[in-house]
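Naming: A, B, ... by sequence-line order, numbering from 1 per chain.
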Protein chains: 2
Amino acid sequence: MVRKTRVDTLATRNALLDAALQVFRERGVAHTRLADVASRAGVTRGAIYWHFRDKAELFAAVCERGTLPVEALLAEASRSQQRDPLATVKQLALMALKQLATHADTQAMFDVIFHKCEFTEDLAPVVAKNDADRAACLSQVRALFDQAVAIGQLPPDTDTALATHGLHAYLVGLMHEWVLAPASYDLARCAEALLDTYLAGLSQRPPRCPKPT
Amino acid sequence: MVRKTRVDTLATRNALLDAALQVFRERGVAHTRLADVASRAGVTRGAIYWHFRDKAELFAAVCERGTLPVEALLAEASRSQQRDPLATVKQLALMALKQLATHADTQAMFDVIFHKCEFTEDLAPVVAKNDADRAACLSQVRALFDQAVAIGQLPPDTDTALATHGLHAYLVGLMHEWVLAPASYDLARCAEALLDTYLAGLSQRPPRCPKPT
DNA sequence: AATCACATACATTCATGTATGTAAATTGTC
DNA sequence: GACAATTTACATACATGAATGTATGTGATT
């Protein structure tokens with residue numbers, strides 16, 4: 001049995017993506033042998049080279065599939081309520097953290113992205129997409145913070161760009177460290193409290209960068 | 001001229017560490033060829049294999065040299081003032097951020113650690129040391145938070161473990177993201193404001209994890 | 001009949017580890 | 001302090017394995 005029907009073809013492609021995510025997590029992307037990915041998926045390297053050009057394209061596909069749900073959340077939130085921008089920001093962040101806390105494959109994705117991957121030239125397309133996504137996310141959150149300042153939810157002297165960098169760093173750090181030790185605390189239950197702490201700090205003492213002397 | 005005096009020997013060793021840090025940053029640790037490191041240092045692979053067993057040991061030495069100043073700061077702070085534990089925590093975090101903001105080699109180190117390195121089995125000793133350092137740092141900060149609660153600097157219902165995880169994540173995230181785009185904002189000037197925001201949140205709305213239903 | 005979705009086989013590159021060479025520096029001896 | 005003897009700090013040469021990319025085969029499908 002060599003040739004499959006179209007649905008079987010898609011199934012092997014997904015099996016390859018699943019296997020790749022697992023092996024990437026175990027061995028690291030750079031040290032991963034395509035033969036291992038293939039055998040894990042129950043096929044040979046021929047199947048990989050049929051669906052993907054090389055390891056970089058396979059990795060890009062894994063990332064693409066893994067970040068789709070998060071991007072969907074962002075896109076959905078962009079056209080939702082703007083009555084309460086601060087609550088919108090909180091909900092966005094909360095959903096990202098809960099997605100991580102409750103989905104094993106999301107944990108695997110971020111484990112690979114944060115700790116099992118080298119962002120160098122050969123992964124240039126993935127790096128470029130990451131940068132673009134980050135920039136879009138940052139500008140979207142900053143717009144919400146600007147609205148929050150405009151309606152008095154945040155102090156008028158808030159440096160919204162800095163506040164955005166701070167929140168983004170907070171989220172990245174929480175995910176970066178939690179995937180290293182998911183047992184250290186219950187992220188699903190604590191996420192909201194952790195977010196409230198930072199947001200309270202934003203309201204009470206928003207970051208302002210001192211002018212150069 | 002082959003054989004050097006002892007000071008020359010140490011000089012080539014340091015040249016190898018410098019070259020390794022550069023090449024690691026450019027190519028990523030896994031994709032780095034020891035021949036590139038050697039030629040960048042003006043020697044051959046023979047010199048590397050004389051000073052280090054393999055790439056893993058070279059990387060460990062690079063990390064060792066890079067984290068020494070930070071560890072010295074922590075050790076020094078552990079035996080300093082305990083009159084104002086919250087201020088001590090702030091100063092510790094501030095010095096870490098300023099060290100990153102002002103030292104190019106520290107930026108290179110963290111760029112490698114965060115984005116140009118895969119933490120897998122072959123780097124096990126480095127991973128183990130990282131884990132130990134993180135655990136020590138977390139417990140030290142938590143002890144300071146406990147003192148802050150004891151003397152009324154933080155609310156009595158503060159979950160100091162969660163607060164510690166939050167601060168640590170905040171710092172990791174700030175460094176993780178800033179090294180990606182050091183031009184995005186002036187970390188040296190904004191570090192204190194960013195820290196004050198989180199610490200204000202801690203005082204006003206300390207994180208508490210809700211009990212499971 | 002033609003193409004698809006792989007499997008198999010092959011050639012090539014490439015980095016590593018080791019083995020060996022070697023000149024200078026150190027040590028020991030008197 | 002002169003002079004081997006030995007060790008140091010590398011450079012050079014070599015063998016090996018390992019992963020890659022490609023070329024080709026092949027049976028089912030459309």
Please tabulate, one pair per line, each protein N/O and nucleotide N/O from nucleotides 9-15 of chain C that are separated by under 3.5 Å, including the distance.
residue: dA15(C); atom: OP1; partner: R33(B); partner atom: NH1; Å: 2.7

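Between dC10(D), dG21(D), dA5(C), one nucleotide has an atom nearer to the side chain of T12(B) than all others, and that is dC10(D).
With axes fitted over five pairs at each extremity, the angle between the ends of the helix from dA1(C)-dT30(D) to dC30(C)-dG1(D) is 10° (10° resolution).
Under the 6.0 Å cut-off for aromatic ring centres, F114(B) and F114(A) do not qualify, their centroids lying 6.0 Å or more apart.
Summarising the geometry, the separation between OH on Y49(B) and C1' on dC14(D) is reported as 14 Å, rounded to the nearest angstrom. Here dA9(D) presents its P atom at 13 Å from CZ of F52(B), a figure rounded to the nearest Å. Between E57(B) atom CD and dT16(C) atom C1' the separation is 16 Å, expressed in whole Å. Look at CZ on R53(A): it is 10 Å from P on dG21(D), rounded to the nearest Å. One atom, CH2 of W50(B), and another, P of dT12(D), lie 17 Å apart when rounded to the nearest Å. In this structure, I48(A) places its CD1 atom 15 Å from P of dT22(D), rounding to the nearest Å. Taking atom CG on D54(B) and atom C1' on dT18(C), their separation rounds to 13 Å, with Å as the unit. One atom, CG of L10(B), and another, C1' of dT8(D), lie 15 Å apart when rounded to the nearest Å.
Ionic pairing of E192(B) and K90(B) is present here: one or more N-O contacts between side-chain nitrogen and carboxylate oxygen are shorter than 4.0 angstrom. Between D133(A) and K129(A), at least one side-chain nitrogen of the basic residue sits less than 4.0 Å from a carboxylate oxygen of the acidic one, meeting the salt-bridge criterion. The pair R27(B)-E118(A) fails the salt-bridge criterion, with no side-chain N (NZ, NE, NH1 or NH2) lying under 4.0 Å from an Asp/Glu carboxylate O. Between D196(A) and R208(B) there is no salt bridge, since no side-chain nitrogen of the basic residue lies less than 4.0 Å from a carboxylate oxygen of the acidic one. A salt bridge links D18(B) and R65(B); the closest N-O separation between the charged side-chain nitrogens and carboxylate oxygens is under 4.0 Å. A salt bridge links R134(B) to E177(A): at least one charged side-chain nitrogen sits closer than 4.0 Å to a carboxylate oxygen.
The two residues V126(A) and F119(A) make their nearest non-hydrogen contact at CG1-CE2, 4.3 Å.
Results of the side chain to side chain contact (heavy atoms under 4.5 Å, CB included) test with L17(B) over T12(B), V37(B), L58(B) single out L58(B) as the only residue that passes.
When the side-chain nitrogen and oxygen atoms of T9(B) are compared with OP1 and OP2 of dA9(D), one or more of them lie within a distance under 4.0 Å. Between H51(A) and dA5(C) there is no side-chain polar atom (N or O) within less than 4.0 angstrom of OP1 or OP2.
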